[in-house]
J.: 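To start, I am sharing the structure in question, which I have written as structure tokens.
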Amino acid sequence: MKKIIIQIYEIQTPEEAGLLIDAGVDNIGSVVRFESEWKDTRVKETVELVKKSGRTSSLIPLFNNLDTLFNTIDYYQPDIIHFCEIIADQTGINPDCLKLIDLQKKVKAGFPEIKIMRSIPIAQFPKGSLIPSLEAAKMFEPVSDYFLTDTLILHKSDNTGNYSQPENGFVGITGITCDWDTAAKLVEASKIPVILAGGINPDNLIQGIIKTKPWGIDSCTGTNKLDSSGVPVRFKKDMKKVMQMVELVRNYEKSLK
Ligand SMILES: O=C(O)c1ccccc1NCC(=O)[C@H](O)[C@H](O)COP(=O)(O)O
């Protein structure tokens with residue numbers, strides 16, 4: 001039976017990680033948001049618990065200064081370090097890509113046992129062809145162990161490349177699906193496993209899996225709790241939605257037998 005990896009972000013406490021482990025989530029992702037506060041004992045406990053349970057811990061640093069990054073990886077020792085800079089947008093490939101590739105090479109040399117995940121920006125449907133997502137992925141393939149598709153929001157009126165994303169300079173946590181035609185092409189072309197992310201929730205994940213045939217699926221916004229106005233709350237999971245997702249994926253796997 002083909003297993004589909006289920007990855008859930010943003011898990012910042014061992015208590016929440018414990019619930020996800022019990023629910024059967026495979027990869028549990030945490031975020032280090034600020035370079036000045038890179039040492040977070042609660043996140044460290046979270047990573048340690050995930051690793052002890054035999055699940056996979058994934059860590060996003062929202063900074064890429066080499067010294068702080070090395071200190072961060074050394075401190076948390078996650079199974080996967082996950083990079084989310086915007087490596088391509090409507091204006092083309094980000095000129096910083098060569099620096100980011102070099103950074104990934106240095107991380108690989110410094111921490112050979114830690115896997116590297118790289119987010120590939122894909123525009124929302126039907127704008128996938130407006131971003132050179134596949135070309136960007138080709139550049140990063142030799143220095144990455146996994147890709148994760150993620151949605152880069154393109155606004156109609158803005159032709160400058162300065163699109164506003166939820167975290168400036170990074171791709172992700174939009175709650176919007178990416179163009180699955182482009183995601184399917186990436187899965188087809190990639191030599192490394194691809195996780196489908198961007199706006200995944202219990203209502204669309206099976207459709208997404210059927211359409212793109214990914215190695216795994218990822219959710220953040222679509223499995224978050226909602227506030228009283230129906231807006232997703234960051235860093236708070238809705239365990240009902242997480243459990244629903246796990247059940248849907250595991251049943252789908254069985255149907256493939
Ligand atoms: O979680 C963050 O703080 C974060 C910030 C910037 C880029 C990515 C980030 N999170 C993790 C992921 O990679 C998400 O799981 C991914 O963006 C999923 O998107 P969505 O389900 O639409 O929130």
Side-chain angles (χ1 to χ4, degrees), residues 5-13 16-17 20 25-35 37-38 40 42-43 46-47 50 56-64 72 76 78 80-89 94 100 115-125 133 140 144 146-154 163-180 183 193-205 207-209 212 214-226 231-238 241-242 244-245 249:
I5 296 300
I6 303 172
Q7 176 168 285
I8 302 284
Y9 271 99
E10 311 154 307
I11 309 304
Q12 307 294 93
T13 66
E16 209 164 54
L20 266 76
V25 173
D26 302 295
N27 288 15
I28 297 177
S30 311
V31 184
V32 185
R33 292 185 76 189
F34 307 109
E35 186 175 356
E37 294 167 27
W38 62 269
D40 183 327
R42 295 291 282 155
V43 172
T46 305
V47 171
V50 172
T56 300
S57 65
S58 186
L59 188 74
I60 292 178
L62 290 181
F63 48 85
N64 55 31
T72 303
Y76 293 97
I80 299 174
I81 187 84
H82 179 173
F83 296 111
C84 306
E85 293 86 359
I86 300 174
I87 56 171
D89 64 18
N94 180 343
L100 294 170
K115 304 282 188 203
I116 296 179
M117 187 175 288
R118 163 57 66 186
S119 287
I120 304 298
I122 296 180
Q124 71 268 38
F125 181 81
S133 307
F140 279 84
S144 306
Y146 309 100
F147 285 146
L148 176 133
T149 72
D150 217 336
T151 308
L152 192 76
I153 303 169
L154 300 189
Y163 315 107
S164 55
Q165 311 300 326
E167 283 281 355
N168 200 17
F170 296 92
V171 56
I173 52 167
T174 62
I176 299 171
T177 51
C178 67
D179 190 326
W180 287 347
V194 179
I195 292 185
L196 179 69
I200 298 297
N201 60 52
D203 295 332
N204 64 14
L205 90 144
Q207 241 183 312
I209 291 171
T212 66
W215 176 74
I217 53 105
D218 167 286
S219 168
C220 184
T221 309
T223 42
N224 280 347
K225 277 193 176 151
L226 303 180
V231 177
V233 183
R234 280 184 75 181
F235 305 106
K236 290 253 174 303
K237 287 334 279 183
D238 180 332
K241 289 182 196 160
V242 172
Q244 212 183 332
M245 254 180 80
V249 172

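Just so you know, these numbers use all the heavy atoms, side chains as well, and skip hydrogens, waters and symmetry mates. Both counts, for ligands and for their atoms, begin at 1 and track the order of listing. Numbering starts at 1 and runs along the sequence shown.
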J.: For K115, give me all partners under salt bridge (charged side-chain N to carboxylate O under 4.0 Å, His left out), at least two apart in sequence or on another chain.
T.: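 So K115 forms no salt bridge (charged side-chain N to carboxylate O under 4.0 Å, His left out) with any residue.
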J.: Could you report the tightest heavy-atom contact between K241 and N224, atom names first, then the distance?
T.: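 Result for this residue pair: NZ-O, 3.1 Å.
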J.: Does the side chain of F83 reach to within under 4.5 Å of the side chain of S144, using non-hydrogen atoms?
T.: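 No, their side chains stay 4.5 Å or more apart.
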J.: Side chains of L196 and T149: does their closest heavy-atom pair fall under 4.5 Å?
T.: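 Yes, side chains in contact.
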J.: Checking Y76 now: which residues fulfil ring pair (Phe, Tyr, Trp, His ring centres under 6.0 Å) with it, not counting sequence neighbours?
T.: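 For Y76 there are no ring pair (Phe, Tyr, Trp, His ring centres under 6.0 Å) partners, ignoring immediate neighbours.
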J.: Taking a 3.5 Å cut-off between nitrogen or oxygen atoms, can you list every pair linking ligand 1 to the protein, with distances?
T.:
from: ligand 1; atom 1: 1 (O); to: E10; atom 2: OE2; distance (Å): 2.5
from: ligand 1; atom 1: 3 (O); to: E10; atom 2: OE2; distance (Å): 2.9
from: ligand 1; atom 1: 3 (O); to: R234; atom 2: NH2; distance (Å): 2.6
from: ligand 1; atom 1: 15 (O); to: D218; atom 2: OD1; distance (Å): 2.6
from: ligand 1; atom 1: 15 (O); to: D218; atom 2: OD2; distance (Å): 3.3
from: ligand 1; atom 1: 17 (O); to: D150; atom 2: OD2; distance (Å): 2.6
from: ligand 1; atom 1: 17 (O); to: I173; atom 2: N; distance (Å): 2.7
from: ligand 1; atom 1: 21 (O); to: C220; atom 2: N; distance (Å): 3.0
from: ligand 1; atom 1: 21 (O); to: T221; atom 2: N; distance (Å): 3.4
from: ligand 1; atom 1: 22 (O); to: G175; atom 2: N; distance (Å): 2.8
from: ligand 1; atom 1: 22 (O); to: G199; atom 2: N; distance (Å): 2.8
from: ligand 1; atom 1: 23 (O); to: T221; atom 2: N; distance (Å): 2.9
from: ligand 1; atom 1: 23 (O); to: T221; atom 2: OG1; distance (Å): 2.4

J.: Please enumerate all residues that pass salt bridge (charged side-chain N to carboxylate O under 4.0 Å, His left out) together with E167, with sequence neighbours excluded.
T.: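 Here the qualifying residues are R33, R234.
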